[in-house]
Amino acid sequence: VQMLESGGGLVQAGGSLRLSCIVSGLDFEDYAAGWFRQAPGKQREAVSCISWSGAHTDYVESVKGRFTISRDNVKNTLDLQMNSLKPEDTAMYYCAATPSNGYECDLDPKYYDEYWGQGTQVTVSL
């Protein structure tokens, strides 16, 4: 199984980035998926999740209204559109997947204990 993130970079505050994660080696439609981030010296935190069908999404409060998660189960991709970026969004961003056939996804990282990408760095400057 491979999960490969891309799309990170350096952007000014107020700018936008779109992260993508290409998933291979598993039947992606059998998995809920999510984006997580970790800033230096801080614990990994959930950013957003999406159910296997895409019908349910959830976001951490700090990114609601600014970030949008989406998935394509044909292309096996997971995306995160990030708008109105803030310096506090600076972190390494990771995609992850967990087996699920439920209607909802779960933001708790403890449920994503098996499949993770290597991360893509997002840096937001003032």
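Just so it is clear, the model here is predicted, and its values are computed rather than measured.
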Backbone of [Y] reached by a side-chain donor or acceptor of [X] within 3.5 Å:
X	Y	value
His56	Ser51	no
Gln121	Tyr93	no
Asp108	Lys110	yes
Asn73	Trp52	yes
Arg37	Val122	no
Asp89	Lys86	yes
Thr120	Ser6	no
Glu5	Gln118	yes
Arg71	Gly54	no

[atom1] of [X]: more than 12 outside heavy atoms within 6.0 angstrom?
X	atom1	answer
Glu88	CD	yes
Leu107	CG	yes
Lys42	NZ	no

Is there a continuous path of hydrophobic side-chain contacts, each under 4.5 Å between heavy atoms, that joins [X] to [Y]?
X	Y	answer
Ile22	Leu80	no
Val63	Tyr94	no
Leu26	Trp35	yes
Leu10	Leu19	no
Ile50	Val1	yes

To check you understand the geometry: which heavy-atom pair defines the closest contact between Ser16 and Ser84, and what is its length? OG-N, 4.3 Å
Side chain to side chain donor-acceptor pair (under 3.5 Å) between Gln81 and Asn83, intermediate numbers included: CA-CA 7 Å; Gln81 178 66 43; Asn83 298 329; 2.9 Å; yes
With no hydrogens and no angle check, do the side chains of Asp72 and Thr77 hold a donor and an acceptor under 3.5 Å apart? no
Go through the steps to decide whether Leu78 and Ile69 satisfy the test side-chain contact (heavy atoms from CB on, under 4.5 Å), and finish with yes or no. CA-CA 7 Å; Leu78 176 72; Ile69 191 171; 4.0 Å; yes
Report yes if some heavy atom in the side chain of Ser125 is under 4.5 Å from a heavy atom in the side chain of Gln12; otherwise report no. yes
Show your reasoning for whether ring pair (Phe, Tyr, Trp, His ring centres under 6.0 Å) applies to Tyr112 and Phe36. CA-CA 10 Å; Tyr112 300 80; Phe36 301 82; 5.0 Å; yes
Please report the interatomic distance OG(Ser24) to CG(Asn76), rounded to the nearest 0.5 Å. 8.0 Å
Euclidean distance, Leu17 CG relative to Phe67 CZ, rounded to 0.5 Å: 9.0 Å
Between Arg18 and Asp79, is there a side-chain N and carboxylate O pair less than 4.0 Å apart? yes
Can you tell me how the ring of Tyr31 sits relative to the ring of Tyr115, calling it parallel under 30°, perpendicular over 60° and tilted otherwise? perpendicular
